[in-house]
Amino acid sequence: MNIAKLTSGVATRRCLRVAAPGCVGRDLGTRATSTASAPAGDFDFDLFTIGAGSGGVRGSRFAASYGAKVAVCELPFDYVSSEARGGVGGTCVLRGCVPKKLMVYASEYADDFRHAGGFGWSVPSDGLRHSWTSFIEAKRKELQRLNGAYKNTLRNAKVTLIEGRGRVVDPHTVEVDGKHYRAKNILIAVGGRPSKLDIPGANLCITSDEALELPECPRRVAVLGGGYIAVEFSGIFARMGAEVHTVFRQPLPLRGFDEEVRKFAAEQYTAAGLTLHSEVTPQSVSQQIDGRLSLVVAHKDGSSEVLADLDQVLMATGRVPNTHGLGLAEAGVALGPKGQVVVDEFCRSNVPSIWAVGDVIDRIQLTPVALMEGMAVAKTVALDTPTKPDYWAVPSAVFSNPEIATVGYTEEAAAKTFSDLDIYTTSFRPMRNTVSGSPLRTFMKIVVDATSQRVVGMHMVGAEAAEIMQGFAVAVKMGVTKSQLDGVVGIHPSAAEEFVTMRSVSRQVRPVPATVTI
Ligand SMILES: Cc1cc2nc3c(=O)[nH]c(=O)nc-3n(C[C@H](O)[C@H](O)[C@H](O)COP(=O)(O)OP(=O)(O)OC[C@H]3O[C@@H](n4cnc5c(N)ncnc54)[C@H](O)[C@@H]3O)c2cc1C
Ligand SMILES: NC(=O)c1ccc[n+]([C@@H]2O[C@H](COP(=O)([O-])OP(=O)(O)OC[C@H]3O[C@@H](n4cnc5c(N)ncnc54)[C@H](O)[C@@H]3O)[C@@H](O)[C@H]2O)c1
């Protein structure tokens, strides 16, 4: 399909070479080398991206590499985001995946020291100490390095970086701090931001942004929510020695994950020291006389409970798209109920010159997905190759303690899609923990479509789950069958080898025959 078929006849205002108000930074002689992306009118840029996070940087730099003239605007750098602050690199690099994983690493050392005794190590008599301040400093330094590296990447790709807050003025105009830029295509890649619950005392609570920048590790903390962020930060704080209360509305954390995985993970979280408060709703937070916080939660039966003496209450209750004040609705772009940009399978909005990728479209909020979408838009608008992101078998991992990783269907989703399933499961104590004394166990599961024998889902709870699952995700995406998995020789001794040695079906899931009433 040619891009021309995707391009509508949206009327474009021409930006004249001289003195047209609001038209700046023009180099109207420049045209994209790709014929598909050569501006049809007089534009400053072929593509103007708002937001230099995962999706925006990827889309911009690849569009530029395909010959398009590209600009991207981004808010000034800060560790904590706001309406006015952000930074090249975006959430993943500055307030998400990267700093979070660094914190996970920091906390893993604590566990390793604790468990080293089983292997004969002894802790020095004056004990082990951790400097939270030096760790935060080291993390900040790394984030600054990455911020610089991302800027260099854009510079090397010849993408014009404009610092400031972008706003859509019309289908072909973006305003950044009072200056107007005309673009053939606009890419919305503004991501999302933490959303706080609307309860009394919400202002006393922190979000993941501040949790990554705390001056000290809390000793007693409540984490609200049962999603990715909640269980990851619960694990970090607990391993760092805090007393952690994880408070969520569902019977189990991690809604949407395989039910068996959720149950097993909850058991492991408890074994790892978290206090899980399930089926409760946060009601209010207040400050005690001593400055610490008190959280009131409501149980299903209407009774309430107070969690007092908390150093911090972390609200990990979801994120909302950053579309507030972006001018999208005024430009005619359809937004969904959460404020997300509604896009088609090519990541194109209902306004044909406006595209959107990443968290702002609220499909799958993961960095590699934003990258895939950014890449698809770059190919579509700059390479004359209309490209749809492919959401089948997107793997993901939760960096909790223990880790969880998954690819493909949960058993529940597979049961709705395939008539017959064979389920393979195993649970064991990993070799390291037999000697270390850690109580944590590992769980693995393979979901097989019994008719085709294709592996349609793989799940793991246990150490290194993310590293292990990435490779298996390749196999699942390529359509591996169970007998092909069985034909692979294991790597011994490893936990991963269990995935190629599970031979006995744990259970068969078959449709329940309809009862016939005579
Ligand atoms: C704590 C946490 C941990 C996470 N961990 C993982 C993980 O381990 N693995 C994973 O895959 N994903 C993880 N994620 C999710 C991942 O960070 C996001 O899915 C990803 O960053 C989305 O990329 P994006 O390009 O859509 O948006 P972002 O990376 O959020 O980028 C959007 C950018 O737009 C800027 N911006 C916003 N409004 C404007 C404006 N008007 N003008 C100019 N610029 C603007 C912002 O400042 C920001 O830099 C995590 C998220 C969080 C919060
Ligand atoms: N390892 C990773 O890949 C990773 C890590 C962190 C975040 N992320 C991404 O970021 C996204 C956002 O993470 P998140 O954990 O904030 O969101 P989430 O949607 O995963 O979890 C939000 C939690 O808040 C709860 N909640 C929502 N409204 C509530 C209310 N009114 N009262 C009580 N509880 C409420 C939900 O039930 C849920 O448990 C995730 O969906 C994920 O895609 C990924």
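Numbers for residues simply follow the sequence, beginning at 1. Side chains included, hydrogens not; waters and symmetry mates left out as well; all remaining heavy atoms used. As the structure lists them, so they are numbered: ligands from 1, and atoms in each ligand from 1. Not measured: the values here are computed from a predicted model.
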Using distance only, find each side-chain donor-acceptor pair of residues 219-226 under 3.5 Å and give its atom names and separation, not counting sequence neighbours.
residue	atom	partner	partner atom	Å
Arg220	NE	Ala308	O	2.8
Arg220	NE	Asp309	O	3.4
Arg220	NH1	Glu243	OE2	2.4
Arg220	NH1	His245	NE2	3.3
Arg220	NH2	Ala308	O	2.8

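- Heavy-atom contacts of Leu326 reach the following atoms of ligand 1: 41 (N) (cutoff under 4.0 Å).
- The N/O atoms of Thr91, backbone and side chain alike, include one that comes under 3.5 Å of an N/O atom in ligand 1.
- Within the structure, the closest approach of Lys101 to ligand 1 does not fall below 4.0 Å when heavy atoms are considered.
- Between the choices Gly227, Gly318, Pro282, the shortest heavy-atom distance to atom 17 (O) of ligand 2 belongs to Gly318.
- Checked against the 6.0 Å centroid criterion, the rings of Phe257 and Tyr228 qualify as a close aromatic pair.
- Counting the atoms of ligand 1 from 1 in the order shown, those under 4.0 Å from a heavy atom of Gly358 are 26 (O).
- Using a 4.0 Å heavy-atom cutoff, Pro99 is absent from the residues neighbouring ligand 1.
- Remark: ligand 1 and Glu74 share an N or O pair separated by less than 3.5 Å (distance only, no angle test).
- The side chain of Phe399, and not its backbone, has at least one atom closer than 4.0 Å to an atom of ligand 1 (non-hydrogen atoms only; side chain from C-beta on).
- Close approach to Gln365 involves these atoms of ligand 1, each under 4.0 Å from a residue heavy atom: 15 (C), 19 (O).
- When all heavy atoms of Phe443 and Lys445 are compared, the pair lying nearest together is CE2-CB, 3.8 Å.
- Between Gly55 and ligand 1, at least one N/O pair is under 3.5 Å apart.
- Here Val176 has no heavy atoms under 4.0 Å from ligand 1, in either its backbone or its side chain.
- Listed by atom number, the atoms of ligand 1 under 4.0 Å from Gly191 heavy atoms are 26 (O), 27 (O), 30 (O), 32 (C).
- Remark: ligand 2 atoms within the under-4.0 Å shell around heavy atoms of Arg319 are 12 (C).
- Only the side chain of Ile229 comes within 4.0 Å of ligand 1, judged by heavy-atom distances.
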Output side-chain donor-acceptor pairs under 3.5 Å for residues 324-333, partner residues at least two apart or in another chain, one line each.
none

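- Listed by number with element, the atoms of ligand 1 under 4.0 Å from a non-hydrogen atom of Arg165 are 41 (N), 42 (N).
- Closest to atom 7 (C) of ligand 2 among all protein heavy atoms lies Ile229 CG1, 3.5 Å.
- At a 4.0 Å heavy-atom cut-off, ligand 1 does not touch Arg167 at all.
- Numbered from 1 in the order shown, with element, the atoms of ligand 2 that lie under 4.0 Å from a heavy atom of Leu366 read 3 (O), 44 (C).
- When the heavy atoms of Gln365, Arg249, Lys196 are ranked by distance to atom 35 (C) of ligand 2, first place goes to Arg249.
- Checking only distances, Glu232 does come within under 3.5 Å of ligand 2, N or O to N or O.
- Residue contacts with ligand 1 for Leu75 involve both N, CA, C or O and side-chain atoms from C-beta outward (heavy atoms, distance under 4.0 Å).
- Between Arg95 and ligand 1, not a single N/O pair is under 3.5 Å apart.
- The closest non-hydrogen atom to atom 23 (C) of ligand 2, taken over Gly96, Ala230, Ala316, comes from Ala316.
- If you check the side chains of Tyr269 and Ser400, you find a donor sitting under 3.5 Å from an acceptor.
- The residue Gln250 has no part lying near ligand 2, judged by heavy-atom distances below 4.0 Å.
- The Gly164 neighbourhood of ligand 1 comprises atoms 42 (N), 43 (C), with distances under 4.0 Å to a heavy atom of that residue.
- The side chain of Lys100, and not its backbone, has at least one atom closer than 4.0 Å to an atom of ligand 1 (non-hydrogen atoms only; side chain from C-beta on).
- Of all the heavy atoms of Leu197, the ones lying under 4.0 Å from any atom of ligand 2 belong exclusively to the side chain.
- One option in Pro253, Ser396, Gly226, Pro368 has a heavy atom closer to atom 39 (O) of ligand 2 than any other, and that option is Gly226.
- Per-residue contacts place Ala189 under 4.0 angstrom from the following atoms of ligand 1 (heavy atoms of the residue considered): 31 (O), 32 (C), 33 (C), 34 (O).
- Note on ligand 1: Ser81 sits outside its first shell, no heavy atom being nearer than 4.0 Å.
- Of the protein's non-hydrogen atoms, the one nearest atom 42 (N) of ligand 1 is Gly166 N, 2.8 Å.
- One option in Thr91, Thr317, Leu224 has a heavy atom closer to atom 24 (O) of ligand 2 than any other, and that option is Thr317.
- Counting protein heavy atoms only, atom 40 (C) of ligand 2 is closest to Tyr228 CD1, 3.8 Å.
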